[in-house]
Visitor: 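Have a look at the structure that comes next, please.
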Amino acid sequence: MPRSFFSRDTCSVAQALLGCKLVRVLDGARLSGIIVETEAYIGEEDLACHARAGRTPRTEVMYGIAGYSYVYFTYGMHWLLNVITEGEGFPAAVLIRALEPKEGLDVMRERRGFQAGNLLCSGPARLTQALGIAAEENALDLCSKSSGLWIEGGPAIPDDLVFRGPRVGLGRTPEPWHSIPWRYLIQGSPFVSKIPSQAKKIDASHHLTRG
DNA sequence: AGCACGATTAACT
DNA sequence: GTTAATCGTGCTC
């Protein structure tokens, strides 16, 4: 996708990424999957966003150019993939949380330990393991195929098929950030990481504005 | 220099 | 339902 796709409001990007195809070239093999679940992390005020700590060596890429990758290490063993959004100088990103595998499933199964079912790419750390995404894939330009990692367009997902809910795994993150519905997924997809117990209506009080 | 914790997962009871 | 695995990061002393 062109840079302009990522250089806009993070929630719009998070929703628009649903249905797009994430492509990875690994050792000459093409691996891909349809993005079915994302989350938005927006600015220093969002206490769930790593940029809450301001500019640090780790968060520097979040302040950079939209369309670049932000890959970070967590829980002592997992790598998670984000795409930077909005304008240069404003730290925001979309976390890719789940894919519906499309190409290179044999390679993915091998990398994942031949696990069965829909668990190949259904989770932010599962998909990075399946696609071979780690430290070396941080700060790559996903608008360029030379990075070996990019995003292709897909059919737009109708609004009534998009579920919004609270982000996952936020632990002790305080309100309103804990409950703000910045998680997006394709309703009914068996490839999402966790199926929400119920569709949560979008609460106007959670619709925060910023200058 | 030391510490608490994490945008998770797999394997348990 | 619970918990171990495992270490970079940012914060406090």
Side-chain angles (χ1 to χ4, degrees), chain A residues 6 10-11 13-15 17-18 22 33 35-64 66 68-86 90-99 101 108-139 142 149 163-186 190-197 200 206 208:
Chain A
F6 303 102
T10 305
C11 287
V13 178
Q15 179 162 349
L17 278 171
L18 299 177
L22 179 67
I35 298 171
V36 298
E37 180 180 347
T38 61
E39 283 177 0
Y41 290 84
I42 310 174
E44 295 177 352
E45 293 183 2
D46 176 2
L47 294 183
C49 179
H50 289 164
R52 66 183 178 273
R55 271 191 197 253
T56 67
R58 180 169 72 155
T59 62
E60 186 62 31
V61 66
M62 295 190 79
Y63 291 80
Y68 275 68
S69 62
Y70 167 45
V71 177
Y72 73 91
F73 184 64
T74 191
Y75 292 104
M77 65 191 83
H78 298 306
W79 298 94
L80 274 61
L81 170 68
N82 300 252
V83 190
I84 301 306
T85 58
E86 310 220 18
F90 185 84
V94 172
L95 171 69
I96 311 296
R97 285 194 57 90
L99 306 175
M108 294 183 195
R109 285 193 196 95
E110 190 172 355
R111 296 189 53 83
R112 288 274 301 134
F114 298 95
Q115 290 194 6
N118 295 335
L119 299 176
L120 270 188
C121 297
S122 296
R126 290 180 180 141
L127 73 89
T128 56
Q129 183 183 20
L131 299 185
I133 295 169
E136 292 183 356
E137 283 67 45
N138 186 41
L142 304 190
L149 185 65
F163 171 86
R164 286 184 78 184
R167 293 172 291 183
V168 174
L170 265 45
R172 345 166 81 121
T173 300
E175 300 292 358
W177 311 111
H178 197 280
S179 299
I180 195 169
W182 283 352
R183 178 189 186 205
Y184 296 80
L185 57 85
I186 300 180
F191 297 95
V192 299
S193 65
K194 297 175 182 178
I195 298 173
S197 55
K200 178 175 179 174
H206 286 150
L208 304 189

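Residue numbers start from 1 in every chain, and the chains themselves are labelled A, B, ... in the order their sequence lines are given, proteins ahead of strands.
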Visitor: Can you list the residues that meet the salt bridge (Lys or Arg N to Asp or Glu O under 4.0 Å) rule with A:R58, with sequence neighbours excluded?
Guide: none
Visitor: Which ranges of DNA chain C pair up as stems, where a stem means three or more consecutive Watson-Crick or G-U pairs with both distances under 3.5 Å?
Guide: B:1-6 with C:7-12, B:8-12 with C:1-5
Visitor: Who are the side-chain hydrogen bond (donor to acceptor under 3.5 Å, both in side chains) partners of A:Y68, not counting sequence neighbours?
Guide: none
Visitor: Who are the ring pair (Phe, Tyr, Trp, His ring centres under 6.0 Å) partners of A:Y75, not counting sequence neighbours?
Guide: none
Visitor: Mind checking what makes side-chain hydrogen bond (donor to acceptor under 3.5 Å, both in side chains) contact with A:R111, not counting sequence neighbours?
Guide: none
Visitor: What residues form a side chain to side chain contact (heavy atoms under 4.5 Å, CB included) with A:A134, not counting sequence neighbours?
Guide: A:W79, A:E137
Visitor: What are the atom names and distances for every N/O pair under 3.5 Å that joins the protein to nucleotides 2-5 of chain B?
Guide:
from, atom 1, to, atom 2, distance (Å)
B:dC5, OP1, A:R172, NH1, 3.2

Visitor: For A:A98, give me all partners under side chain to side chain contact (heavy atoms under 4.5 Å, CB included), at least two apart in sequence or on another chain.
Guide: A:V36, A:E37
Visitor: Could you list all N or O pairs between the protein and nucleotides 6-9 of chain C that sit under 3.5 Å apart?
Guide:
from, atom 1, to, atom 2, distance (Å)
C:dT6, O3', A:G76, O, 3.4
C:dT6, O2, A:Y75, O, 2.4

Visitor: What pairs with A:R55 under salt bridge (Lys or Arg N to Asp or Glu O under 4.0 Å), at least two apart in sequence or on another chain?
Guide: A:E60
Visitor: Could you pull out all residues at least two apart from A:A93 that satisfy side chain to side chain contact (heavy atoms under 4.5 Å, CB included)?
Guide: A:M62, A:N82, A:I84
Visitor: Return the set of residues passing side chain to side chain contact (heavy atoms under 4.5 Å, CB included) with A:T74 (not counting sequence neighbours), or none when no residue passes.
Guide: A:Y72, A:H78, A:L80
